[in-house]
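Note that the structure is a prediction, hence the values are computed from the model and not measured. Below, read A as the first sequence line, B as the second, and so on, with proteins coming before strands; counting in each chain starts at 1.
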Amino acid sequence: MVPPLRKIGSNVWEIPRDYKPCMKVPARIFASDSLMEKMRNDLTLEQVANVACLPGIYKYSIALPDAHQGYGFPVGGVAAVDASSGAISPGGIGYDINCGVRVLRTDLKIDDVKPKLRELVDAIFKLAPAGVGETGHVKLQVGELDRVLNEGVAWAIGKGYGWSEDQERIEQNGSWDYADASKVSQRAKERGRGELGTIGSGNHFIEVQAVERIFDEKVAKAFGIDEVGQVLIMIHSGSRGLGHQVATDYIRIAEGKIRQWGLVLPDRELVSMPVNTREAQDYLHAMAAAANYAWTNRHLLMHWVREAFRSVFNKDPDKLGMRVVYDVAHNIAKLEEHDVEGQRRSVWVHRKGATRAFPAGRPEIPKVYRDIGQPVLIPGSMGTGSYILVGAATSMDLTFGTAPHGAGRQLSRSAAVRMLPPSKVKSALEGRGIVVRSAESEIISEEAPEAYKDVDSVVETADALGLARKVVRTRPIGVVKG
DNA sequence: ATGTGC
């Protein structure tokens, strides 16, 4: 059955609350007409209606312009639940806990990098391994992983990876004190021990990009971006096997308790845990530990990128101006204060494939950006381009301060492998001056630009709605993929 | 996303 859909405004759609008896609020979908057409092809709409059944959910369940079907809960989905009477859904955070994006600026221009591009991409590929199960160049001593889980980026900086000033430009300084390593299983720790500083697979990547267009010079400048042709680095990765195991462990625990808790699920994949249960608290502490791991992973990847630049350009990374612009997650739940129907509420906001996009003034934003709004980092698909936006006040009321996270798939991985031979995809990219290195050729097919929705239309829709405002568009020149 | 499927 197709959910009933009402268009209630420009780029705004609603599935009414009476569609399913379990819905506590309506579902709201933010999408242009053409993006909505793509969402009708899978279970996205059914899933966003199911999310509206979560205990303690406020206002409406949300699907963003790039939403597509996920495990129980759309990728590109948002749900805010009451912090004491609501329920946490691990599937509403996702298997890749605290997956996100970090961008570095440099003083280099595209012409400085072009002649050395292949060498640079090879150096990054060597230092920052990509691919499923790949291990990294940092060997953790016994007990050291627990410190990573409890302390995050602060641990890495103490060990000499990165610069202390990096922390100022990472969401939550890359160190979440809610973390408790003792809530992470031994199995998860075993999987995570060797994987720090690795890219992973799927849509994860490190890209060398060039600024293609600046929409807002003042804000761009505040972000450290001065001109067209300036070289940026974008790192997209997450918590690897460790986060995946944490999600698997707690989804299994929740499944075993559903009856006891008296929950009725619209979809067996949408398990949830009442916030006030021991199990939910354990999950949140483990989730925060996995978040620290993901931030530390991106931090080490950044360290290796700086080292790759050092070796290729024979210059210190600080002399190359390789400063962090920002690091932001798009698979996480956060405890936040929001105005809901005139009341200030404490809520856990699930953002799955969705980027926090807070406007100027919010206390969560680093001091350096507090008067501007937070950078919103939106990677496009391989070979197309990416965006940096800035948080806008309008998003607080519309989406609990959330913007989309990327282009979103439009072809399944298997369909992409059938339709798009890797050699053709690669030569098309090389023909446009983009150097690509991948651990596995199949990934090149799965991640081909044609397999994704158009990032430009996703960003246009977000900008038009006021979910965030466009600042910079980049285009890739070098890509390292799983 | 994932030592990729229970």
Side-chain angles (χ1 to χ4, degrees), chain A residues 42-44 47 66-77 89-102 129-136 140 145 184-206 235-253 255-256 268-269 271 286-287 290-291 293-295 297-298 301 329-333 350-355 379 381-382 405-418 438-447 451-452 480-482:
Chain A
D42 60 22
L43 291 176
T44 312
Q47 289 185 339
D66 57 339
H68 60 94
Q69 179 184 331
Y71 180 84
F73 189 119
V75 176
S89 170
I93 286 137
Y95 277 90
D96 191 359
I97 295 168
N98 211 34
C99 180
V101 181
R102 178 178 301 201
V132 176
E134 215 42 67
T135 52
L140 294 175
L145 180 63
V184 175
S185 69
Q186 281 310 313
R187 193 170 177 192
K189 290 178 185 176
E190 274 154 32
R191 288 181 69 174
R193 187 164 19 196
E195 290 187 333
L196 217 48
T198 62
I199 296 173
S201 186
N203 66 356
H204 291 162
F205 61 76
I206 295 177
I235 297 166
H236 178 203
S237 187
S239 50
R240 311 285 288 103
L242 183 138
H244 190 275
Q245 191 63 46
V246 168
T248 304
D249 290 341
Y250 283 92
I251 285 170
R252 194 157 302 157
I253 288 168
E255 282 169 347
R268 49 185 297 222
E269 290 185 354
V271 291
M287 177 197 77
Y293 184 95
W295 278 315
N297 186 36
R298 289 196 287 279
L301 290 169
H330 51 230
N331 268 17
I332 197 68
H350 300 67
R351 296 188 179 90
K352 181 185 188 181
T355 314
S381 57
M382 176 174 67
H405 85 309
R409 294 198 76 85
Q410 62 175 346
L411 287 181
S412 70
R413 292 190 177 276
S414 55
V417 169
R418 274 198 309 277
S438 163
E440 245 195 285
S441 69
E442 232 177 38
I443 288 288
I444 300 286
S445 302
E446 293 180 12
E447 295 296 316
Y452 280 84
V480 177
K481 292 286 296 185

Grab the [atom1]-[atom2] distance between [X] and [N] for me, whole Å please.
X        : N     : atom1 : atom2 : result
A:Glu447 : B:dT4 : CD    : C1'   : 14 Å
A:Arg187 : B:dT2 : CZ    : P     : 16 Å
A:Ile443 : B:dT4 : CD1   : C1'   : 10 Å
A:Glu446 : B:dT4 : CD    : P     : 14 Å
A:Arg252 : B:dT2 : CZ    : C1'   : 13 Å
A:Arg240 : B:dT2 : CZ    : P     : 5 Å
A:Asp249 : B:dC6 : CG    : C1'   : 15 Å

Just checking [X]: base, sugar-phosphate only, or nothing, at a heavy-atom cut-off of under 4.0 Å?
X        : answer
A:Gly238 : nothing
A:Glu195 : sugar-phosphate
A:Ser239 : nothing
A:Gly241 : sugar-phosphate

Flag, side chain of A:Ser89 to backbone of A:Val271, donor-acceptor distance under 3.5 Å: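 Flag set: sc A:Ser89 to bb A:Val271 pair under 3.5 Å.
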
Got a sec, which residues hit ring-ring contact (aromatic ring centres under 6.0 Å, His included) with [X], two or more places apart in sequence or on another chain?
X        : result
A:His350 : none
A:His236 : A:His204, A:Phe205, A:His330
A:Tyr71  : A:Tyr95

Which parts of residues 409-418 of chain A get close to DNA chain B, meaning a heavy atom less than 4.0 angstrom away?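 When residues 409-418 of chain A is checked for heavy atoms under 4.0 Å from DNA chain B, the hits, listed by number, are A:Arg413.
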
Can you name the side chain to side chain donor-acceptor pair (under 3.5 Å) partners of A:Asp249, sequence neighbours left out?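 For A:Asp249 the side chain to side chain donor-acceptor pair (under 3.5 Å) partners, ignoring immediate neighbours, are A:Ser185, A:Gln245.
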
For A:Val132, give me all partners under side chain to side chain contact (heavy atoms under 4.5 Å, CB included), at least two apart in sequence or on another chain.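 Applying side chain to side chain contact (heavy atoms under 4.5 Å, CB included) to A:Val132 gives A:Ser201.
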
